[in-house]
Amino acid sequence: MTETAPKRVLAIDYGRRRMGLALSDELGCTAQPLAILVRRNRSSDLRRLRDLCRERKVSQVVVGYPVHMSGEAGAMAEEAARFAARLERELGIPVDLQDERLTSWEAKQMAWEAKAKRGPLDDVAAAIVLREYLERQCGGPSARAKKD
């Protein structure tokens, strides 16, 4: 019997000053906020992400794709797509884009409902991006609801 390798997925909520990071469990089922990476410069940021991926045995990366509500890709979406392509070349592992419309709003709502007083919520937004990506890979929340 062959054991399957762990499939950890790292999600990145890309920003010019900070990147929110979230990590899945080894089965690729759950998403947890991991950290907020304060940007330094391109080579340092890539090195830190490469080290993190090695340490955590990440086999897939998802970068939030910030399209407008209309679905159009603006300047920030294009920047995130270029970052994702560069990351895939540098890390040598697959990198996907995931629509992140309303994730920052949802992260703020979750913090408000939990009465959490904290700073930036980039890591929570990354966890929401990751949750949505994992649900899409597994057939979405409606597929789970049918099992209940």
[X] versus [Y]: any side-chain heavy-atom pair under 4.5 Å?
| X | Y | answer |
| --- | --- | --- |
| Asp45 | Arg40 | yes |
| Arg56 | Leu10 | no |
| Met19 | Leu49 | yes |
| Tyr14 | Val63 | yes |
| Asp13 | Asp123 | no |
| Leu134 | Ser24 | yes |
| Ile93 | Ser59 | no |
| Leu34 | Leu52 | yes |

Show your reasoning for whether side-chain contact (heavy atoms from CB on, under 4.5 Å) applies to Val62 and Ile12.
CA-CA 6 Å; Val62 178; Ile12 301 173; over 6 Å; no

How would you list, by chain and number, every residue that makes a side chain to side chain contact (heavy atoms under 4.5 Å, CB included) with Glu88, sequence neighbours excluded?
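Partners of Glu88 by the side chain to side chain contact (heavy atoms under 4.5 Å, CB included) criterion, ordered by chain and then number, come out as Pro94, Val95.
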
With sequence neighbours excluded, tell me which residues meet side chain to side chain contact (heavy atoms under 4.5 Å, CB included) with Arg82.
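Arg82 satisfies side chain to side chain contact (heavy atoms under 4.5 Å, CB included) with Glu78, Glu79 only.
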
Is the count of non-hydrogen atoms from other residues, nucleotides or ligands lying under 6.0 Å from Arg42 atom CZ greater than 12?
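Open: at most 12 neighbouring heavy atoms sit under 6.0 Å from CZ of Arg42.
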
Exercise: identify the closest heavy-atom pair between [X] and [Y]:
| X | Y | answer |
| --- | --- | --- |
| Cys53 | Leu91 | SG-CD1, 3.9 Å |
| Ala77 | Tyr65 | O-CE1, 3.3 Å |
| Val129 | Gly64 | CG1-CA, 4.1 Å |
| Gly20 | Ala126 | O-CB, 3.4 Å |

For the atom pair [atom1] ([X]) and [atom2] ([Y]), what is the distance rounded to the nearest 0.5 Å?
| X | Y | atom1 | atom2 | result |
| --- | --- | --- | --- | --- |
| Phe83 | Met76 | CZ | CE | 10.0 Å |
| Ser43 | Glu90 | OG | CD | 9.5 Å |
| Asp122 | Arg17 | CG | CZ | 9.5 Å |
| Leu21 | Ile36 | CG | CD1 | 8.5 Å |
| Gln98 | Arg131 | CD | CZ | 10.5 Å |

Is a salt bridge present between Glu26 and Lys7, judged by a nitrogen-to-oxygen distance below 4.0 Å?
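Here Glu26 does not pair with Lys7 in a salt bridge, since their nearest N and O are not under 4.0 Å apart.
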
Begin with the C-alpha distance, continue with both residues' side-chain angles, and end with the deciding distance and a verdict on side-chain contact (heavy atoms from CB on, under 4.5 Å) for Leu130 and Val9.
CA-CA 8 Å; Leu130 181 54; Val9 181; 3.5 Å; yes

What's the verdict on side-chain contact (heavy atoms from CB on, under 4.5 Å) for Val67 and Asp99, showing C-alpha distance, side-chain angles and the deciding distance?
CA-CA 7 Å; Val67 293; Asp99 183 343; 3.6 Å; yes

Looking only at atom types and distance, does a side-chain atom of Arg48 sit under 3.5 Å from a main-chain N or O of Leu37, one as donor and one as acceptor?
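Checked: no pair found.
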
Gln60-Arg8 side chain donor-acceptor pair, cut-off 3.5 Å
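No - no donor-acceptor pair under 3.5 Å links their side chains.
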
